[in-house]
Each structure stands twice: as C-alpha cells, then as structure tokens.
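What follows is one structure encoded as structure tokens, with my remarks underneath.
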Amino acid sequence: FDHILLVGGATKTPAVRRFVENTFGRRPRPGLVNPDEVVALGAAVHAGSLEGLLAETETLGPMQASLIRAFAVKMRKEKRESEEAEMEG
C-alpha cells in the first residue's frame, strides 16, 4: 500500500494516529482527504446504492467501489497539484 488514509472524527486524535503508525509501521498521510467528508460521501454512496440510484456500484464489504475510485482520483489530482507547485516554487 502507498498511503494510509484515516477517516472519521476519531482519527483526528494523536492516539489513533500513533496506534496506526505503530501497528502498520507507516505514518498516516493527513490532508489527502477530509476525514469527515469521506464519511459523508460514503454514507451518500451507500444510501444511493440501497435506493437503487447507483445501479452499477460494486461493494467491497462495507466500502463502495465508487467511493474508492473517487478518492483515488482526488489523491492523484492533489499529488499532481503539489508537484506542480513545487516546480513553480
């Protein structure tokens, strides 16, 4: 895995971040996504799937495949923007 993303309000606490780092031997990457927006988006995708509004949504256990794709796109965009800013600065 390339990055560890923490989502949800409790993941903002230093104790949770330290636990994850000690468990996986890697530091979580804060700032890649908003932890509260991830939860909200996941709930919206799940609700849409349950209502039949997202006919082609694949589920991966409790995670929606579309949610994973959306965050992968966002991470690539932010990485590209960061690299461009470094080149300019």
What is the distance from atom CD of Glu81 to atom NZ of Lys77, rounded to the nearest 0.5 Å?
5.0 Å

Shortest non-hydrogen contact from Gly8 toward Asp36:
C-OD1, 4.3 Å

Rounded to the nearest 0.5 Å, the CZ atom of Arg17 sits from the CZ atom of Arg27 at a distance of 10.0 Å

Nearest atoms (heavy-atom pairs only) where Lys12 meets Pro35
CE-CG, 3.8 Å

Distance in Å, Ile4 CD1 paired with Leu32 CG, rounded so as to fall on 0.5 Å steps:
11.5 Å

If every non-hydrogen atom of Arg29 is compared with every non-hydrogen atom of Leu5, which pair is closest and at what distance?
O-CD2, 4.3 Å

Could you report the tightest heavy-atom contact between Val16 and Ala10, atom names first, then the distance?
CG2-O, 3.3 Å

